[in-house]
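Everything below concerns the one structure shown next.
Every chain is numbered from 1 and lettered A, B, ... according to where its sequence line falls, protein lines coming before strand lines.
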2 protein chains.
Amino acid sequence: MTTAPAGDALIALYPILATLTARTRQRLEARAQFLELPAGTTVFDERQACRGFPFVISGSIRVVKAAPNGRELPLYRVTPGETCIISSACLLGQAPYNARGVTEADTTLLVVPNEDFQALLGEQAFRDFVFQLFSERIADLMQLIEEVAFRKLDQRLAALLLGKGQRLHTTHQQLADELGSVREIVSRLLKGLAEQGLVALSREQIEILDPAGLRRLAGG
Amino acid sequence: MTTAPAGDALIALYPILATLTARTRQRLEARAQFLELPAGTTVFDERQACRGFPFVISGSIRVVKAAPNGRELPLYRVTPGETCIISSACLLGQAPYNARGVTEADTTLLVVPNEDFQALLGEQAFRDFVFQLFSERIADLMQLIEEVAFRKLDQRLAALLLGKGQRLHTTHQQLADELGSVREIVSRLLKGLAEQGLVALSREQIEILDPAGLRRLAGG
DNA sequence: CCGGCTCTGTAACCAAGGTTACAGACGCCC
DNA sequence: GGGCGTCTGTAACCTTGGTTACAGAGCCGG
């Protein structure tokens, strides 16, 4: 049966589930829905009712705010072992989604129906787990608000380039998507960084020459 | 004693506290700190450790993100009966504050120390209460992200003007503060709205002439 | 080797919003 | 009524970021 291996993987990724009572776990395995989604699938979208709580077993979900004109601002990613704060919030508040979730890679999910999620919250350990992730995500969102409201794009770009190793393989378009901007601007800004000797550019590759300088730029 | 009347008011505003066990309540009353703060007091600030969980008894706290250059973006307000999501998140995640809270009017607070807040979370009803407010605030924050990232200022201004009655008494500066912008721009935009016949302007007063038109502008 | 694809570079132009710098208007208190 | 502080109007200018419109470069498969 499909849920058995999924169940094992689930507990490996979400060890907190091991603390559940046997009854809760059985119910969970019986009722949760196992999904295998190809990359690029829209898992949920704005204004849509929340049908369940997703546990990510493999792959990842990119959660974004979509602008009317088609541009997107990434909010966060949900990777295996994490939870989706927006799904939690929607389930808890009986409210529709206010963002979009798209699989970034082929992704396997275990989706727990609303009522079972509420039941899970009856277990102290699980509740604490969700609370904890809530609080981390809130901090991320605050950070994001700060960035979009106050930081200039070159600062955000500099910050984005940092902490991904000394040599990153990516296109300007991907960076633009990550910043919620457009390719031309990223090219322009990267050229600026290159002229300052902070990075070296080549096709689908950016080499970080001066991490300290980038950090200074990002922080100011 | 000072906490007795405060305790009554507290339960009137946060009825969920009435469901606590007698022991928890006693402990709470004994250890919580009663604060009377004049308008304009900074209750907490960025990077500061979170010392306790505030219950607002009267007045209100304006929670803002501060820009390096001194401008501020309002995130939300905490009014009597509500809770502060950032305080919760910081206590839960053992993280420092990532925003600033300032009293808008003279405000009375009951501040529950960290350990007692954790104890409160041991009570199911209280936990549910906090979860619920968490989820509402998340929705607000998502809305805010959408606005600052995608909406133009005239749209945000139009939205701000709506739903406050047909005649609002406020200064351009106050509106600018609410939008995280500056006075000149608000004046300019208001002039535009007036020219379109959407509002009529006079000193410290804005009359809404065409709510439907404003809504159309705000929504597009 | 050629055709087509993706990725990058770049320039001209534009719109939004912010900054600077005043001037006048209104209200209030002495 | 005169002086002062707050509020508003407004114009000139600047920066940021986005849009449009190409051109060339690297790569790959047929």
Side-chain angles (χ1 to χ4, degrees), chain A residues 40 65-74 146-161 167-196 198-207 217-218 220, chain B residues 40 65-74 146-161 167-196 198-207 217-218 220:
Chain A
K65 226 8 189 169
N69 63 15
R71 288 228 312 266
E72 294 183 342
L73 179 70
E146 165 146 6
E147 286 193 6
V148 298
F150 300 140
R151 300 284 181 198
K152 287 191 301 172
L153 207 52
D154 57 349
Q155 299 183 298
R156 296 178 55 206
L157 177 58
L160 180 61
L161 295 178
R167 205 178 210 93
L168 41 165
H169 297 266
T170 178
T171 69
H172 297 184
Q173 184 62 56
Q174 286 173 327
L175 293 173
D177 290 345
E178 214 55 34
L179 296 170
S181 179
V182 296
R183 204 265 313 165
E184 291 86 336
I185 305 298
V186 170
S187 290
R188 186 200 278 172
L189 294 175
L190 280 174
K191 184 188 170 192
L193 298 184
E195 280 168 359
Q196 295 172 63
L198 299 172
V199 302
L201 305 176
S202 50
R203 188 185 173 87
E204 301 198 18
Q205 177 174 301
I206 299 172
E207 189 183 354
L217 175 59
Chain B
K65 222 18 186 163
N69 64 14
R71 287 225 317 263
E72 293 185 344
L73 179 70
E146 165 146 8
E147 286 192 6
V148 299
F150 301 141
R151 301 284 181 196
K152 286 191 303 171
L153 209 52
D154 57 350
Q155 301 183 295
R156 295 178 56 205
L157 177 58
L160 180 61
L161 295 178
R167 205 178 210 92
L168 40 163
H169 298 267
T170 178
T171 69
H172 297 184
Q173 183 62 56
Q174 285 172 328
L175 293 173
D177 290 345
E178 215 54 34
L179 295 170
S181 179
V182 296
R183 204 262 314 164
E184 291 85 337
I185 305 298
V186 170
S187 290
R188 186 199 278 171
L189 293 175
L190 280 174
K191 184 188 172 193
L193 298 184
E195 280 167 359
Q196 295 172 63
L198 299 173
V199 301
L201 304 176
S202 49
R203 188 185 174 85
E204 300 197 18
Q205 177 174 301
I206 299 172
E207 189 184 353
L217 176 59

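Under the rule for a side-chain contact (heavy atoms from CB on, under 4.5 Å), the partners of B:Glu184 that lie at least two apart in sequence or sit in another chain are B:Val182. Applying the side-chain contact (heavy atoms from CB on, under 4.5 Å) rule to B:Glu207 yields the partners B:Gln166, B:Arg167, B:Ala200, B:Leu209; only residues at least two apart in sequence or on another chain are considered. Judged as a side chain to side chain donor-acceptor pair (under 3.5 Å), and not counting sequence neighbours, B:Gln155 has no contacts. Every residue meeting the side-chain contact (heavy atoms from CB on, under 4.5 Å) condition with A:Glu204, not counting sequence neighbours, appears here in chain and number order: A:Thr171. Remark: B:Glu147 engages B:Gln143, B:Arg151, B:Arg156 in a side-chain contact (heavy atoms from CB on, under 4.5 Å) (not counting sequence neighbours).
Atom CG in B:Leu157 sits 6.5 Å away from atom CG in B:Leu175 (nearest 0.5 Å).
Between B:His172 and D:dT6 there is no side-chain polar atom (N or O) within less than 4.0 angstrom of OP1 or OP2. At D:dG9, none of the side-chain N or O atoms of B:Lys191 fall inside 4.0 Å of OP1 or OP2 (strictly under the cut-off).
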message: Base contacts versus sugar-phosphate-only contacts with protein, heavy atoms under 4.0 Å: please encode nucleotides 15-22 of chain D as B, S and - from 5' to 3'.
response: -SBBBBB-
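Spacing between atom CG of A:Leu193 and atom P of C:dG9 amounts to 12 Å, rounded to whole angstrom units. With rounding to whole Å, B:Leu190 atom CG is found 15 Å from D:dC7 atom P. When rounded to the nearest whole Å, the span between CG of B:Leu201 and C1' of C:dG24 equals 17 Å. Rounded to whole angstrom, the span from the CG atom of B:Leu175 across to the P atom of D:dG9 amounts to 12 Å.
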